[in-house]
Amino acid sequence: MNSPDSSTAPAHFIRTRIAREVAEGLHDRVVTRFPPEPNGYLHIGHAKSIVLNFAMADEFNGYTNLRFDDTNPAREEQRFIDSIKTDVAWLGYRWKNECYASDYFEILYGYALHLIDRELAYVDEQDADTIREQRGTLTEPGSNSPYRTRSASENRKLFEGMRAGEFPDGAMVLRARIDMAAPNINLRDPVLYRIRREHHHRTGDDWCIYPSYDFAHGQSDAIEHITHSLCTLEFEDHRPLYDWLIEHLPVPSRPVQIEFSRLNMDFTVMSKRRLTRLVDEDYVAGWDDPRMPTLAGLRRRGFTPESIRAFCTEIGVTKSESVIPFGVLERNLRDDLNVRAPRRMAVLKPLKVVLTNFPAGETEWVSVANHPQDPSRGSRDVPITREIFIEQDDFMEEAPKKFFRLKPGGEVRLRNAFIIRCDEMVRNNEGEIIELRCSFDETSRSGLPGAERKVKGTIHWVSAEHAITAEVRLYDRLFKVPHPGGDKAADFVDHLNPESLEILQDARIEPGLENAAADDFYQFERLGYFVPDPDFSRARPVFNRAVTLRDTWARLEAQLASGRS
RNA sequence: UGGGACGUCGCCAAGUUGGUUAAGGCACGGGGUUUUGAUCCCCGCAUUCGCAGGUUCGAGUCCUGCCGUCCCAGCCA
């Protein structure tokens, strides 16, 4: 098994079709491929394709190849190959073979000769503009190139010359001879090879001609004995060409192409072109910026491979275009981490509280469960002292009726400790509250009978003396609007959310958290799930908030606010 | 005014050869448990399948005609 999450997955048209084919004995195993072009980082949309491809092969006794579609050396780079391999592996998948379309250049060249010899391809010496004009339009047929009827021997000589470097870039192309009047524009003598003197990241300067996607992809599938070539909807129109080439070439197998709709999510962009721009123009800190929908970004943000796989399974596979709310991805992370993440306490925006009846200089250790739903995960002792920090948001001077946290004269429970009452507020010269003076109820300590006493709210806290100062980075959606790419009138970067990143320099975390390891994750109780950033060090802990907890109060508060106005 | 595809609850999405009460998840609403306003647990949530006709004892599933949305005119993938 090369992919996790063995199948309990729901039916979708591809799985149903393959299952039928297998039942009919058409295949004894299913072989798929994940075929990225190494010109950028993988994003969550690719994850959908990866999960699908590996799942189909895995469920039907086969395997998946990782194949780099590297037929355009002008934009492909080794560093992208590296990142893609890292990301696929991180997602939890093991490909059978690491393949490159460029490994097949010699075979592909032979296939081109095969077409030429059968008068199914010809060398066209017209320039790109002329070819475009002759292609016709969506509603008008194209017209034939004057070079279309050249002899096979002349075409062969020219094509060999192309390979030998006898002609300058752009001087001529090899075209399939199909039908310039075809209603499907892809069949109007598509370009199969072009001359391009570009250094290729793998083949170096061995070639100055490169096959087009259409000529390379299907044949690569066939060479690898791929049974099902799964791709996105925009290639639907290419399928007749895909099939035409397979039919007319002496390929070792006959793969079929099946298309499904690509993943769209709101409040983000998914096209490589746009993601590249965000990086190149420094709108984000890099491909792995935690606000990016890239796998590298999601990983740094704190997403687990499990949550991403679950998400990809949950959204299904169809041919209808859909937009998935970003919150669905986030909920999958919560669902995963809720079960797995150990709980800790941390205060993001500290407000000092002095427990007036707690002896100065003393430290009391309270036992705290690492996971309230899972006693087997044990507990730890957390120090509490006369001075503590609580969350600024957990105190309101003038609180609405439904505010269950601390307010003047009110009581609240300190999680895992005892009940306190707010007796007094201390203000600075500006009148801002900078400290609370509270008294605690000794009899309400956790474990004592008095702990049964009910108060409405429970808040988290850290000992001022023991807590460790940390940086915490909070992330919000990258864009302000649901469909930043859908605005024809504006540049998508105009819709960037200026508040997508908030850095808190003065958070206080429970002692022990400074020893967090790179791949740890925690629930900071009542706040959300947090992971150490790569910038993390013992001396300067840095945590990323991967996702907040579901926050019913925030929703209520928003309703109250809007209802009041 | 070419070709290809899609249109089932706010968002996804199941729906065998037409057979009759239109899965499920998310979101949402209500209730319960709770020292995380979290989690968890109950309950509710499409007389209706883009629209209009038609065939049929019976249609989301078949036919016809509309409407809407997406993709295609790179020597990109």
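Fair warning: this is a prediction, and the values are worked out from it, not measured in the lab. Numbered from 1 within each chain, the chains take letters A, B, ... in sequence-line order.
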Partners meeting ring-ring contact (aromatic ring centres under 6.0 Å, His included) with A/F524 (sequence neighbours left out): A/F530, A/F543
Rounded C1' spacing from B/C67 to B/A52 in Å: 10 Å
By side chain to side chain contact (heavy atoms under 4.5 Å, CB included) - contacts of A/R194 (at least two apart): A/N72, A/V173, A/R196, A/S212
Residues forming a ring-ring contact (aromatic ring centres under 6.0 Å, His included) with A/F159, sequence neighbours excluded: A/Y109, A/Y193
Residues within residues 364-373 of chain A bordering RNA chain B, heavy-atom distance below 4.0 Å: A/P372, A/Q373
Sugar-phosphate, base or nothing in reach of A/T552, heavy atoms under 4.0 Å: sugar-phosphate
Sugar-phosphate, base or nothing in reach of A/N72, heavy atoms under 4.0 Å: sugar-phosphate
Sugar-phosphate, base or nothing in reach of A/R188, heavy atoms under 4.0 Å: nothing
Anti/syn call for B/G29, syn if |chi| within 90°: anti
Residues in ring-ring contact (aromatic ring centres under 6.0 Å, His included) contact with A/F404, at least two apart in sequence or another chain: none
For chain A, the stretch of RNA chain B it reaches, first to last nucleotide, under 4.0 Å of its heavy atoms: B/G2 to B/A77
Sugar-phosphate, base or nothing in reach of A/S446, heavy atoms under 4.0 Å: base
Sugar-phosphate, base or nothing in reach of A/K272, heavy atoms under 4.0 Å: nothing
Distance between C1' atoms of B/U55 and B/A59 (Å, rounded): 10 Å
Test item: side-chain donor near acceptor, A/Y242 and A/Q257, under 3.5 Å: no
For RNA chain B, the dot-bracket pattern of Watson-Crick and G-U pairs whose distances stay under 3.5 Å, | for other-strand partners: .((((((..(((......[....))).(((((.......))))).....(((((..]....))))))))))).....
Aromatic plane relationship, A/F235 with A/H238 - under 30° parallel, 30 to 60° tilted, over 60° perpendicular: perpendicular
Residues forming a salt bridge (Lys or Arg N to Asp or Glu O under 4.0 Å) with A/E140, sequence neighbours excluded: none
P atoms of B/C57 and B/G24, separation to the nearest Å: 33 Å
P-based separation of B/U20 from B/C12 [nearest Å]: 27 Å
Sugar-phosphate, base or nothing in reach of A/D169, heavy atoms under 4.0 Å: nothing
Nearest-nucleotide 5' precedence on RNA chain B, A/L556 against A/I315: A/I315
Under the ring-ring contact (aromatic ring centres under 6.0 Å, His included) test, residues paired with A/F440 that sit two or more places apart: A/F358, A/F418
Integer angstrom distance from the C1' of B/U39 to that of B/A77: 45 Å
Sugar-phosphate, base or nothing in reach of A/R334, heavy atoms under 4.0 Å: nothing
Interatomic distance at C1', B/C63 relative to B/G18, whole Å: 13 Å
Contacts of A/D381 that satisfy side chain to side chain contact (heavy atoms under 4.5 Å, CB included) - sequence neighbours left out: A/W365, A/S367
Sugar-phosphate only, base, or nothing, as touched by A/F235 at under 4.0 Å among non-hydrogen atoms: base
Counterpart residues, side chain to side chain contact (heavy atoms under 4.5 Å, CB included), relative to A/A19 (two or more places apart): A/F60
Aromatic ring pairing A/F105/A/W207, orientation class (parallel under 30°, perpendicular over 60°, tilted between): perpendicular
Atom P, compared across B/A13 and B/U56: separation rounded to whole Å: 35 Å
Pi-cation contact, A/Y122 with A/R150 (under 6.0 Å, within 45°): no
Euclidean distance for P, B/C11 against B/G31 (whole angstrom): 27 Å
Sugar-phosphate, base or nothing in reach of A/V191, heavy atoms under 4.0 Å: sugar-phosphate
A/H460 versus A/R343, side-chain donor and acceptor atoms under 3.5 Å: no
Sugar-phosphate only, base, or nothing, as touched by A/R555 at under 4.0 Å among non-hydrogen atoms: sugar-phosphate
Touch class at under 4.0 angstrom, heavy-atom based, for A/Q126 against every strand present: base
Contacts of A/E259 that satisfy salt bridge (Lys or Arg N to Asp or Glu O under 4.0 Å) - sequence neighbours left out: A/R239, A/K319
Sugar-phosphate, base or nothing in reach of A/R550, heavy atoms under 4.0 Å: sugar-phosphate
Sugar-phosphate, base or nothing in reach of A/N416, heavy atoms under 4.0 Å: base
Which residue lies more 5' along RNA chain B, comparing A/D69 with A/R132 via nearest heavy atoms: A/R132
Sugar-phosphate only, base, or nothing, as touched by A/R413 at under 4.0 Å among non-hydrogen atoms: base
